[in-house]
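Here's the structure, in structure tokens; my notes come after.
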Amino acid sequence: MLDIKFVRQNVDKVQNMLAMRGEAADLGTFEKNDNHRKAVLLEIEDLRHRRNVVSEQIARMKKNGIDASDLMAEMRDVGAKIKALDKSLEKNEDQIKQILLNLPNIPHSSVPVGKDSTENPIVKQVGVIPEFDFDPLPHWTIGENLGILDFKTASKITGARFPLYLGAGAKLERALINFMLDIHTNQHGYQEVLPPFIVNEESMTNTGQLPKFEEDLFKLAGWPYFLVPTAEVPVTNIHKNEILDEDALPIYYTAYTPCFRSEAGSYGKDTRGLIRQHQFNKVELVKFTHPKISYDELETLLHDAEVILKMLELPYQVINLCTGDLGFSSAKTYDIEVWLPEQGIYREISSCSNFEGFQARRANIRFKRKGKKGTEIVHTLNGSGLAIGRTFAAILENYQQKDGSVLIPKVLQSYMGGMEIITP
RNA sequence: GGAGAGAUGGCCGAGCUGGCUGAAGGCGCUCGCCUGCUAAGCGAGUGAGGGGUGAAAGCUUCUCCGAGGGUUCGAAUCCCUCUCUCUCCGCCA
């Protein structure tokens, strides 16, 4: 959510910035409602003031045995009037809130202007793309041949777009989770948390999934609860409605959770393999920082995610999402894309974003500056570190051998009980 | 599922026979003093959000004691609903 005061004072600016995102937001309704709100508020406050003063007077009169029934009668009317105005104010404020909740974040000045994903500049490319003296296979074929992936059985259990890992595959998935958590906690200073995998509407609203993107979520029948689409949601809400100590910042958390996404509207896309599933595992990085340093923190967040790919020796590139491709809540996002040899393209494996105060304002996460009164909104950031399923796919494809076996990256071997290769 | 207790400021904790209580007291924090250093001690200050006015400091006003509703001239205090936490019983991973 944008700061209402900022929007009020920069209507044109906000409108222009949103246009760069390809959003044709009409702020006319906002202005109209906002002006009306102010007028009503003034009137209500006036009446309330009068009621407060007179009530005190009544108390004094009664104490002295003076009859106050005239004033009491008058205040009865004032009370009714306040109640009526309050109702109208409430409706008014609801409308304003709805408008604000549906406005996306404003892109940071360092975000390139562009219309869509074809205009995202490449920041860097890292690692050596493997050469094969045979035609590399897609990861689902490799996995099925090795007996470590079985989508057919998964669809029997549930339906399309669910994975079933078996044997060394299940173990490799678990190894990746443990490896990533270990690196982030031991080397990058994150605190490990294991949050609920089901969250309420308020938490979803705070991080920006609601109210606009409900169709992307799985909702529990009969409950106002949702399955988490990313650990970002539960972890960011750890500090909802809190005033943090300035000294406590920055706060780093890392969390493993499964992620559940409806993938509405992606029919026909990535129909095979692990790339687009309704359920996948992910290790997430979340930061709460002082506004002054949040862009430095974005760079280190990106670094922390990159380390994982480097250690796994997977080639990747980093792109800077342009204004037209930026997520709803984000002010700036780097995507890390891993090399998939069979398709010969880079695919997103991590998304590292600075939300500035957009989520923190919704979630009411503030901090207090030492020696200063008042509070300020913290900045929140998060990034995948990394998506496990896609990492699994990348390992299978990049480490595949001519005979159909797959080598296990060196850093994972100790997590696999010393296993160096997966053979049929 | 059954029975009970509770939810107050950054934290702990009074108030809950309705009326200068936005809230005692303590801790913490900030500033000052004091003391070889540290600790202790002394003094002062210290909730959040919004509106009006002002260049600003400030002044002024409204709201907020889990959430929502009700009673009343007036509610942290009374009534109703909901949520959450805790204790006991039952059941169960």
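The figures that follow rest on heavy atoms only: side chains count, while hydrogens, waters and symmetry mates do not. Since the structure is predicted, the reported quantities are computational estimates derived from the model, not experimental observations. Within every chain, numbering begins at 1; the chains are lettered A, B, ... in the order of the sequence lines, protein sequences first and strands thereafter.
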Can you tell me the base-pairing partner of [N]? Count Watson-Crick or G-U wobble geometry only, both distances below 3.5 Å, and say none if there is no partner.
N      : result
A24(B) : none
G19(B) : C73(B)
A39(B) : none
G9(B)  : none
G45(B) : C29(B)
G54(B) : none
C82(B) : G66(B)
C91(B) : none

Where does the angle between the aromatic ring planes of Phe162(A) and His278(A) fall among parallel (under 30°), tilted (30 to 60°) and perpendicular (over 60°)?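 Ring orientation of Phe162(A) relative to His278(A): tilted.
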Between Phe288(A) and Tyr252(A), is the ring centroid distance below 6.0 Å? no
Ring centres of Tyr253(A) and Tyr190(A) under 6.0 Å apart?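 They do not qualify: ring centres at least 6.0 Å apart.
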[X] side chain: which of [options] is closest?
X         : options                : result
Ile58(A)  : G52(B), A48(B), G19(B) : G19(B)
Thr375(A) : G19(B), G49(B), C62(B) : G49(B)
Leu42(A)  : C62(B), G51(B), C73(B) : G51(B)
Lys62(A)  : G51(B), G19(B), C84(B) : G19(B)
Arg37(A)  : G19(B), G50(B), G47(B) : G50(B)

Could you list the residues that satisfy side chain to side chain donor-acceptor pair (under 3.5 Å) with Arg21(A), not counting sequence neighbours?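 Listed in chain order: nothing, the list is empty.
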Take atom [atom1] of [X] and atom [atom2] of [N], then tell me their distance rounded to the nearest Å.
X         : N      : atom1 : atom2 : result
Glu202(A) : G66(B) : CD    : P     : 16 Å
Glu56(A)  : U61(B) : CD    : P     : 11 Å
His49(A)  : C73(B) : NE2   : P     : 20 Å
Arg60(A)  : C73(B) : CZ    : P     : 19 Å
Glu201(A) : C84(B) : CD    : P     : 14 Å
Glu242(A) : G47(B) : CD    : C1'   : 16 Å
Glu74(A)  : C73(B) : CD    : C1'   : 10 Å
Ile44(A)  : G52(B) : CD1   : P     : 15 Å

Taking the same atom, [atom1], in [N] and in [M], what whole-Å distance lies between them?
N      : M      : atom1 : result
C42(B) : G26(B) : P     : 11 Å
A93(B) : G4(B)  : P     : 28 Å
G28(B) : C11(B) : P     : 16 Å
A67(B) : U17(B) : C1'   : 27 Å
G15(B) : C33(B) : C1'   : 35 Å
C29(B) : G18(B) : P     : 39 Å
G54(B) : A44(B) : C1'   : 28 Å
C64(B) : A76(B) : C1'   : 11 Å

Sequence-distant partners of Lys81(A), salt bridge (Lys or Arg N to Asp or Glu O under 4.0 Å), two or more places apart: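 None.
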Donor-acceptor pair present, Glu45(A) side chain and G52(B) base, under 3.5 Å: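 Under the 3.5 Å cut-off, the side chain and the base do not form any donor-acceptor pair.
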Is it true that Glu306(A) and Lys124(A) make a salt bridge, defined as a side-chain N closer than 4.0 Å to a carboxylate O?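 Salt bridge: yes.
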One thing to verify: whether Asp3(A) and Arg8(A) come together as a salt bridge, which I'm taking to mean a side-chain N less than 4.0 angstrom from a carboxylate O. no
[X] near the nucleic acid: base, sugar-phosphate alone, or nothing, with a heavy-atom cut-off under 4.0 Å?
X         : value
Arg51(A)  : sugar-phosphate
Asn52(A)  : sugar-phosphate
Met75(A)  : sugar-phosphate
Arg361(A) : nothing

Kindly say whether Phe30(A) contributes a backbone atom to a donor-acceptor pair with the side chain of Asn33(A) at under 3.5 angstrom? no
His379(A) vs His290(A), test: side chain to side chain contact (heavy atoms under 4.5 Å, CB included). Steps then yes/no. CA-CA 6 Å; His379(A) 281 192; His290(A) 198 292; over 6 Å; no
Nearest-nucleotide 5' precedence on RNA chain B, Arg76(A) against Tyr225(A):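 Looking at the nearest nucleotide for each, Arg76(A) comes out on the 5' side.
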Select from Arg48(A) and Ala59(A) the residue whose nearest nucleotide in RNA chain B is closer to the 5' end of that strand. Ala59(A)
Do other residues, nucleotides or ligands put more than 12 heavy atoms under 6.0 Å from the NZ atom of Lys171(A)?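 At most 12 heavy atoms, drawn from other residues, nucleotides or ligands, come within 6.0 Å of this atom.
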Tell me whether the side-chain N/O atoms of Lys368(A) come closer than 4.0 Å to OP1 or OP2 in U30(B).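 No, outside the criterion.
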Heavy-atom contacts under 4.0 Å between residues 81-94 of chain A and RNA chain B, which residues? Lys83(A)
